2 protein chains.
Amino acid sequence: MKAGGRHFETIWLKPGDPSVVQVIDQRFLPFDFVIEDLTNEEEVFTAIRDMHIRGAPLIGAAAAFGIYLAQLNSGKHTSPDAFLQQTARRLKSARPTAVNLSFCVDRMIMAIAEGSGRREKNERALETVLEIVDEERENSKKIGEQGVSLIEAASRRKTGEPVNILTHCNAGWLACIDYGTATAPIYKAHEMGIPVHVWVDETRPRNQGSRLTAWEMAENGVPYTLIADNTGGHLMQKGLVDMVLVGSDRTTIRGDVANKIGTYLKALAAHDNGVPFYAAMPSSSIDWSVEDGLSEIPIEERGGDELLYLETYTGGKWVRTPVARSDTPVYNAGFDITPARLVTALITERGICKAEKSAIFDLFHDKNTKLL
Amino acid sequence: MKAGGRHFETIWLKPGDPSVVQVIDQRFLPFDFVIEDLTNEEEVFTAIRDMHIRGAPLIGAAAAFGIYLAQLNSGKHTSPDAFLQQTARRLKSARPTAVNLSFCVDRMIMAIAEGSGRREKNERALETVLEIVDEERENSKKIGEQGVSLIEAASRRKTGEPVNILTHCNAGWLACIDYGTATAPIYKAHEMGIPVHVWVDETRPRNQGSRLTAWEMAENGVPYTLIADNTGGHLMQKGLVDMVLVGSDRTTIRGDVANKIGTYLKALAAHDNGVPFYAAMPSSSIDWSVEDGLSEIPIEERGGDELLYLETYTGGKWVRTPVARSDTPVYNAGFDITPARLVTALITERGICKAEKSAIFDLFHDKNTKLL
């Protein structure tokens, strides 16, 4: 999508130097647009853990690039295989909730294992990481094409008025390679001339809504309004939300959705007000090994400083502003689980389905037969 | 309650000079403890509108002090009566959602009207404002005594473990004269040695939770943990909340509760997880003229800057830190309505009752006969 009028994706090989991976360092947004060079697997680990980049599909792709760089560097180690395995474990530990990370790392390790000799292994690593990037780009594009039908249908009922879509966190192109997950149908609708308006949840404590989603909407000309996370229920009570559309960091086979903390509250409000609640995700975010999200998905706990300080980038430097007393005890969970019963439908690259085991299986049966 | 180890209330006449009203200027908390002198009705208006002081019972009392000061100053005006009426309208317009403000202003005007001559009117004004302060202090104290029974009952089921109470915004002593509304039963339980632990919602966009409630808890030794507004649902899903306890800016005769934006989302989560949801309020926050909160209670909209900037007081000066792009469109509603069906019970100075018209009437029948 566009940033400063130019097309960008979120991660790519440095032109002219395929031993360097480049990403948009999202910590600086919306205050500055900074591209970071990642030259080894440890820098990739840091970029994922410290959220220079985030979003389930993107951290999956980034971790794949981490394994790719580790493969390039593996010759320096006495046991390249052991080094790769160790890097795989380390990358998987960077963020616990999204399942893409684990999938992509395993896929890279398997692909590399199939090559014989360093050169072929390097080639395999490169091919596979580019395949992952291509697939995720394509997945997002297809999610947009699938999901736009729901916005079109809502638009027909609005007789020219914009379709009001509430989203939480950033499931935008910044969370993916391009297009986004939750935003893909929104961008597609906007491109098709369907009037849309997006309610952007601020998304405390890291403000991915006010910092990233609002920035994406502004840069791509989509009408939007920023709201506090507290506001969505009130808007739904007043009939000002036509649908809720969010991403998913991990979706279980029965349709429970792990997503940014606070998603569950919006799903409850949607349910209470008869507003459809959709979660959009590529199949790489579906965990075919998990049924019950609440008991089986690990929820990341992050440091309390995210609530005690606001970190912003102003005048070329980072500013850390205290929000509360520095001795305040904090609990900071990164995600929550929206049970399938509150999810109207899932939007995937394969199509739209009910948040039910049988419906999900029907959609993915051929592709994932080996996984089930 | 305590601040810096000393007992404070939120508003009082300046010792030695009853023509000056003093308040804790809450904008500076928790960074500094500043007492502001209010010397005329216009300064009271500003203090209410710009939230130097806030909380339904406190803005009611403050508005009464505003009329008191206006009465003292009314001799300077050609028509003292017209000046008082004009001041009454102006004070009522300072914040639209809480009903206490309107009640207290009307009560002052009526009391003053009953006096004959300036001196007697001045005396009536002073007597009545002090009566209001005494009543609100007493109301909070009684809310504590009534509500603690619910915490005691929960504690019996916890066999020594702390009772986990989630609260939203600040319905603490800083919102009242003393003790608070939602916090009154908590302080009472703590005083009685019942182990409690409070989950303090940050309460965006003005952060009354992280700034005020957390500060209150710390200053009074009550165990607490700060959380993002997004987190309460997740905690309830995990069984980590025994009750939700909030205040109310206006309660309708059928038990709908207008309270800080986001309260409704917590009520939904409580309902979904079988967690009791209590709202505590003095009878001065019950609007006997309103039945349906959603259609009849005006919801204050505040400026967008509250979401775009964080204002903090650091090193003796105000710092305004940008949170998002300054050109971001914002919608900032201050309150929402929790429908009575989600409210387990109301806690008032008269007792605890169901959020139902007949139960509320039974509790207040004698006192409010003339209002019904």
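Being a predicted model, the structure only gives us computed values, none of them experimental. Throughout, a chain's letter reflects where its sequence line sits, starting with A, and its residues are numbered from 1.
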Most contacts with chain B, counted as non-hydrogen pairs under 4.5 angstrom, among A:Val200, A:Thr203, A:Thr321, A:Asp272: A:Asp272
Minimum-distance pair of heavy atoms, taken over all atoms of A:Glu219 and A:Gly5: OE1-N, 4.4 Å
Check step by step if side-chain contact (heavy atoms from CB on, under 4.5 Å) holds for B:Glu291 and B:Thr252. CA-CA 5 Å; B:Glu291 184 132 358; B:Thr252 75; 5.5 Å; no
Over all atoms of both residues, closest heavy-atom pair of B:Arg325 and A:Trp215: NH1-CD1, 3.4 Å
Engaged part of A:Leu29 at the chain B interface, taking heavy atoms whose separation is under 4.5 Å: neither
Partner chain A: residue of B:Ile227, B:Leu310, B:Leu307 with the largest heavy-atom pair count (under 4.5 Å): B:Leu307
So, for A:Ala258 and A:Ile297, which heavy atoms are closest and what is the spacing to 0.1 Å? CB-CD1, 3.8 Å
Heavy-atom cut-off 4.5 Å, strictly under: side chain, backbone, both or neither for B:Gln237 against chain A? both
Do side-chain atoms of B:Asp25 reach the backbone of B:Arg27 as a donor and acceptor pair under 3.5 angstrom? yes
Which answer fits A:Arg341, side chain, backbone, both or neither, if we ask what part of it has an atom under 4.5 Å from a heavy atom of chain B? side chain
Pick whichever of B:Val323, B:Leu226, B:Leu268, B:Asp201 has the most heavy-atom pairs under 4.5 Å with chain A. B:Leu226
If we define contacts as heavy-atom pairs under 4.5 Å, which of B:Ile337, B:Asp229, B:Ile299 has the most with chain A? B:Asp229
Side chain, backbone, both or neither: which part of B:Thr312 has a heavy atom under 4.5 Å from chain A? side chain
Start with the C-alpha distance between A:Arg206 and A:Arg211, add both sets of side-chain angles, then the distance that settles side-chain contact (heavy atoms from CB on, under 4.5 Å), and finish with yes or no. CA-CA 9 Å; A:Arg206 287 188 69 92; A:Arg211 289 187 162 181; over 6 Å; no
I'd like to know if the side chain of A:Ser248 pairs up with that of A:Asn259 as donor and acceptor (distance under 3.5 Å, no hydrogens or angles considered). no
Top residue by heavy-atom pair count (under 4.5 Å) with chain B, among A:Asp336, A:Thr328, A:Asp327, A:Ile261? A:Ile261
Answer with side chain, backbone, both or neither: which region of B:His168 has an atom nearer than 4.5 Å to a non-hydrogen atom of chain A? side chain
Do B:Thr183 and B:Thr167 have side chains that approach each other closer than 4.5 Å (heavy atoms only, starting at C-beta)? no
What part of B:Lys238 gets closer than 4.5 Å to chain A, counting heavy atoms only: side chain, backbone, both or neither? side chain
A:Tyr264 versus chain B, the contacting section by heavy-atom distance below 4.5 Å: side chain
Please rank B:Pro205, B:Pro30, B:Gly209, B:Pro322 by heavy-atom pairs under 4.5 Å with chain A and give me the top one. B:Pro322
Could you check which of A:His271, A:Lys266, A:His234 has the highest count of heavy-atom pairs closer than 4.5 Å to chain B? A:His234
Point-to-point distance, once rounded to the nearest 0.5 Å, from CZ of A:Phe31 to OG1 of A:Thr314: 6.0 Å
The interface call for B:Phe335 against chain A, heavy-atom contacts under 4.5 Å, is backbone
Of B:Ala324, B:Ala214, B:Pro339, the largest count of non-hydrogen pairs under 4.5 angstrom with chain A goes to B:Ala324
What's the separation between atom CD1 in A:Ile186 and atom CE in A:Met243, rounded to the nearest 0.5 Å? 9.0 Å
Side chain, backbone, both or neither: which part of B:Tyr331 has a heavy atom under 4.5 Å from chain A? both
Looking only at B:Thr263, B:Asn207, B:Leu294, the option with the highest number of non-hydrogen pairs under 4.5 Å against chain A is B:Leu294
Does one side chain, of B:Asn170 or B:Glu216, offer a donor that lies under 3.5 Å from an acceptor on the other? yes
